[in-house]
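Encoded as structure tokens, the structure appears first; notes follow it.
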Amino acid sequence: MSTVATAVIEIEQASFAYGGIPVLEDVSLRVEAGEFLGLVGPNAGGKSTLLKLVLGLLRPQQGRISVLGRSPKQARRHLGYVPQYPAFPRDFPIQVLDVVLMGRLGLGRGLSSRFGAWRQRDREIARQTLIEVEAGELAAQPIGALSGGQLQRVLLARALVGEPEILILDEPTANIDHRLEGEIFELLAQLNKQLTIVVVSHDIGFISSYVSRVACLNRTLICHRTEAIDGNLINELYGERVRLINHHHGDAQTDLSAAAAADSKEPQTSLHPPQEHPVHG
Amino acid sequence: MAEFFTALLEHSFLQQALIAGLLASIGCGLIGPFVVVKRITFLAGGIAHSVLAGMGAAVFYGFDPLSGALAAAVVAALLIGWVRLRWRTGEDTAIGALWAIGMAVGILFVSQTPGYATDLMSFLFGNILLVPTRELWFMAVLDFVLFVSVALFYRQFVAVAFDEEFARLRAVPVDLFYLLLLVLVAVTVVLMIQVVGLILVIALLTLPAATAGQWTGTLAGMMMGATLLGALLTTGGLALSYAPDIPTGPTIILLAGALYLLSAISAGLRAKRRAEKAVRSITRG
């Protein structure tokens with residue numbers, strides 16, 4: 001990262017509570033242009049909430065957030081968002097291409113970009129974006145006919161088609177298997193050449209081989225560093241009695257990246273248990 | 001049936017009735033699909049019933065009942081929408097309250113208006129055979145309002161119906177379009193009242209759209225299908241009820257219900273056949 005790097009997301013001492021329940025406390029985080037930031041932490045650690053603050057869907061009770069030098073609400077149309085759970089009913093009568101086209105709402109000026117049906121140019125861009133995420137053949141499928149991995153690609157296309165400067169993904173691979181997870185992250189690594197990416201995950205081990213920096217969140221920001229994550233840190237993040245698994249790679253380099261499974265129920269973690277964990281690296 | 005078609009050529013009241021049915025089916029096609037996919041049938045029912053307050057007040061004070069209905073429907077739509085947007089919950093309670101209170105207010109007004117007891121029945125169940133030309137024009141204007149709104153803001157309405165959160169992130173004024181959609185539902189309710197009455201409106205609003213939805217995978221397809229089915233059902237109901245001299249509104253609704261049921265059964269059978277065929281094709285290799 002060069003010294004003239006500009007911050008595209010600046011969170012200063014933000015705190016947020018749902019009703020009487022504090023979710024985020026005094027969180028400060030700076031994301032610079034071109035970064036690929038992984039946001040990790042246990043369930044209910046506030047990761048999704050932090051994303052919603054950046055997207056301007058929620059407002060912090062304390063602190064300040066600026067995105068691309070503007071308020072989150074004003075910066076919205078320059079962000080691409082892939083939600084953890086699709087917020088729409090799967091039986092909605094709509095084809096994939098029309099779902100992707102919704103990512104182009106709010107773009108452009110002039111009457112034809114606001115009113116009436118989609119223009120041919122928008123359709124062409126949507127089709128092209130589907131091909132980029134390797135889902136070109138799905139364009140005419142009803143949204144309800146997709147598998148989990150296909151839907152994830154379509155949601156990614158919907159986020160990308162709006163020509164975002166920052167791509168924000170909330171557990172993009174929570175519902176798909178490891179092979180697809182790898183494919184999606186390879187795709188994100190490609191996209192990172194043009195975009196800043198922030199991705200939420202509960203799986204530190206997996207994402208650390210792709211992202212340029214990891215930030216750990218459990219109500220407050222515990223770390224945000226580039227170095228390898230060590231056992232102490234994971235203990236700090238997830239609480240006591242967490243097991244670590246070493247991954248030995250072909251080049252004999254030890255990668256301490258992998259995740260852990262908590263023995264205790266408290267705090268609850270959703271890291272995958274060691275026995276189903278042989279594939280990474 | 002044949003008797004109906006010869007009568008249609010002779011009597012202008014039947015021609016008017018036919019036109020009223022066709023005008024109502026445009027609303028049924030443009031807005032019905034949104035009610036079905038957005039799952040706001042109960043909300044539309046609340047708006048429809050609260051309309052009686054406006055109609056009752058209008059006849060009591062000597063105005064046109066349809067303009068009273070329109071005012072009440074729009075107010076009810078905005079109230080319910082406001083409750084949902086403001087508190088996020090309690091929407092169904094608000095709908096239930098407006099539903100009953102609207103009926104109660106309406107019945108009190110009608111009871112205090114001498115000579116209007118018979119009109120109550122036509123408010124509740126419609127009277128397509130007594131649509132004056134003036135009200136046909138009124139219906140045409142409502143159709144025009146619906147058509148222009150949906151044509152201009154089709155993308156925004158689909159986005160708000162599909163995924164409100166994402167629409168909000170694309171800088172679509174979601175609350176505004178949600179309220180506008182409810183107002184259009186209110187307009188459609190008023191459009192249909194003359195044909196089937198306020199109690200039966202809900203079936204004409206949702207059944208043709210839901211039936212079309214069983215055979216098409218897009219919202220635009222649902223809109224076209226629901227318009228055609230609406231036209232078919234209102235015309236068919238009118239023709240069937242004419243010779244035996246039975247009320248038209250309930251006949252239309254029973255037809256719509258029967259068609260929906262048949263369509264659901266055959267769509268189910270079709271899905272089953274397709275699945276069996278797909279499995280056969282793998283087992284054969």
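Every chain is numbered from 1, with letters handed out A, B, ... down the list of sequences. Just so you know, these numbers use all the heavy atoms, side chains as well, and skip hydrogens, waters and symmetry mates.
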Quiz prompt | Which atoms of B/A151 approach chain A - backbone, side chain, both or neither, heavy atom under 4.5 Å | solution = backbone
Self-check item: B/A161 versus chain A, the contacting section by heavy-atom distance below 4.5 Å
Solution: both
Looking at [X], I want to see if its [atom1] is surrounded by more than 12 non-hydrogen atoms of other residues, nucleotides or ligands under 6.0 Å.
X      : atom1 : value
B/W137 : CH2   : no
A/Q61  : CD    : yes
A/Y85  : OH    : no
A/R90  : CZ    : yes
B/K38  : NZ    : yes

Exercise. Under 4.5 Å, counting heavy-atom pairs only, tell me which of A/G103, A/P83, A/G144, A/G162 racks up the most with chain B.
Key: A/G103
Quiz prompt | Interface residue of largest heavy-atom contact number with chain B, from A/A87, A/A159, A/P142, under 4.5 Å | solution = A/A87
Proximal component of [X], with respect to chain B [non-hydrogen, under 4.5 Å]:
X     : answer
A/L57 : side chain
A/Y81 : both
A/D91 : side chain

With a 4.5 Å cut-off on side-chain heavy atoms, are [Y] and [X] touching?
X      : Y      : answer
B/V37  : A/P93  : yes
A/L55  : B/E165 : no
B/V158 : A/I94  : yes

Quiz item: Hey, what do you get for CG (A/L101) to CZ (B/R155), rounding to the nearest 0.5 Å?
Solution: 8.5 Å
Self-check item: Gap between atom CZ of B/R170 and atom CZ of A/R104 - 0.5 Å precision
Solution: 9.0 Å
Practice problem: For chain A, find which of B/P33, B/A220, B/A167, B/A159 contributes the most heavy-atom pairs closer than 4.5 angstrom. | Solution: B/A159
Quiz item: Just by modelled atom types, is the B/L169 backbone N or O under 3.5 Å from a matching donor or acceptor in the A/R77 side chain?
Solution: no
Quiz prompt | Close approach to chain A in residues 259-270 of chain B, criterion heavy atom under 4.5 Å | solution = none
Quiz item: Which of parallel (below 30°), tilted (30 to 60°) and perpendicular (above 60°) describes B/F162 and A/F88?
Solution: parallel
